[in-house]
Amino acid sequence: MKQMINIALPKGRLGEKAYGILEAAGFECPSIKEESRKLIFENEEKGVRYFWVKPSDVVIYVERGAADIGIAGKDIILEYSPNIYELADLGIGKCRMAVAAKKDFYDRRDRTLRVATKFPNIARDFYNKQSREIDIIKLNGSIELAPILGLSDVIVDIVETGKTLYENNLEPKQDIVQISARLVANKASYKFKNKEIKEICEKVQNIIG
Ligand code: PRP
């Protein structure tokens, strides 16, 4: 008998694109497109159950097995280092993690650098490798405000088009890592629901080419 696969999708534009790929791969669930506040959608015949979660929570659901598979950004994977499998790069949600600062920012390397970010582990790793002393200021959004208001010297954040930086008189100074969305799996699920998960992974890979 076919086992149901629980799939955590990140709420928002990336999740909708990711669902589009799964739908094209033959794992559609039409009720997901109906206007409602429901969070879980199931297509028993196809063996899939989708649910929407906060993008940064996908890896938590997958790591703990509440979801068998999910779609997570590489930024979230690098930040939380969850104990999960990364099965495929979906090639969507492409952006980069970068250091940015005010255009006229001059880095005095003899001073502790104040870094505002939603990604303290990625930032710490990056500066550790350069033996640079930093003071992390963990924020939860609108990171670009920090250097403008003098809360930090630089930010470590996602840059997609660069528009947010540009419109706030900031500029990227250094790239840290390229980011894209990944298909991830719970380790035990990958073992016990191997046939089903492999089938989804293969069909998804055929769609993304
Ligand atoms: C992300 C990121 C930047 C913006 C970059 O913000 O933190 O603010 O997107 O995109 P751009 O280079 O195309 O302008 P997000 O929408 O996730 O909101 P938040 O960080 O303020 O929560």
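For this chain, numbers begin at 1 and follow the sequence in order. Atoms within a ligand are numbered from 1 in the order they appear, just like the ligands themselves.
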Asn140-ligand 1 polar pair, N/O distance under 3.5 Å:
no
Assess whether a salt bridge exists between Arg182 and Glu86, defined as any Lys/Arg side-chain N lying under 4.0 Å from an Asp/Glu carboxylate O.
yes
Atoms of ligand 1 under 4.0 Å from any heavy atom of Gly141, numbered from 1 in the order shown, are 21 (O), 22 (O)
Should you measure from each heavy atom of Ser142, which atoms of ligand 1 turn up under 4.0 Å away?
19 (P), 21 (O)
Tell me: protein heavy atom nearest atom 13 (O) of ligand 1, and distance?
Thr161 OG1, 2.5 Å
With the threshold set strictly below 4.0 angstrom, can you tell me whether any protein non-hydrogen atom sits that near atom 5 (C) of ligand 1?
yes
Can you tell me the protein heavy atom closest to atom 7 (O) of ligand 1 and the distance?
Asp157 OD2, 2.7 Å
Could you tell me whether some N/O pair between Val159 and ligand 1 is separated by less than 3.5 angstrom?
no
Please answer whether the main-chain N or O of Val53 pairs with a side-chain N or O of Asp57 as donor and acceptor at a distance below 3.5 Å.
no
Gly162 neighbourhood, listing ligand 1 atoms whose heavy-atom distance to it stays under 4.0 Å
11 (P), 12 (O), 13 (O)
Might you check, step by step, whether the distance between atom 9 (O) of ligand 1 and some protein heavy atom is under 4.0 Å?
no
Does Ile143 come within less than 4.0 angstrom of ligand 1, counting non-hydrogen atoms of the residue?
no
Are Phe41 and Tyr50 an aromatic pair by the rule of ring centers under 6.0 Å?
no
Salt bridge between Lys173 and Asp153, side-chain N to carboxylate O under 4.0 Å?
no
With respect to atom 18 (O) of ligand 1, which of Arg96, Glu167, Lys118 exhibits the smallest heavy-atom separation?
Lys118
Could you tell me whether the side chain of Glu144 and the main chain of Leu165 form a donor-acceptor pair under 3.5 Å?
no
Ligand 1 atoms nearer than 4.0 angstrom to some heavy atom of Glu144 are 3 (C), 8 (O)
Could you tell me whether the side chains of Asp89 and Ser180 share a donor-acceptor contact shorter than 3.5 Å?
yes
Sidechain N-carboxylate O distance under 4.0 Å for Lys46, Glu23
no
Give a yes or no on whether a salt bridge exists between Arg114 and Asp135, defined as a side-chain N under 4.0 angstrom from a carboxylate O.
no
Considering only protein heavy atoms, determine whether one is less than 4.0 Å from atom 15 (P) of ligand 1.
no
Hey, is CD on Gln174 packed in by over 12 heavy atoms from elsewhere, all under 6.0 Å?
yes
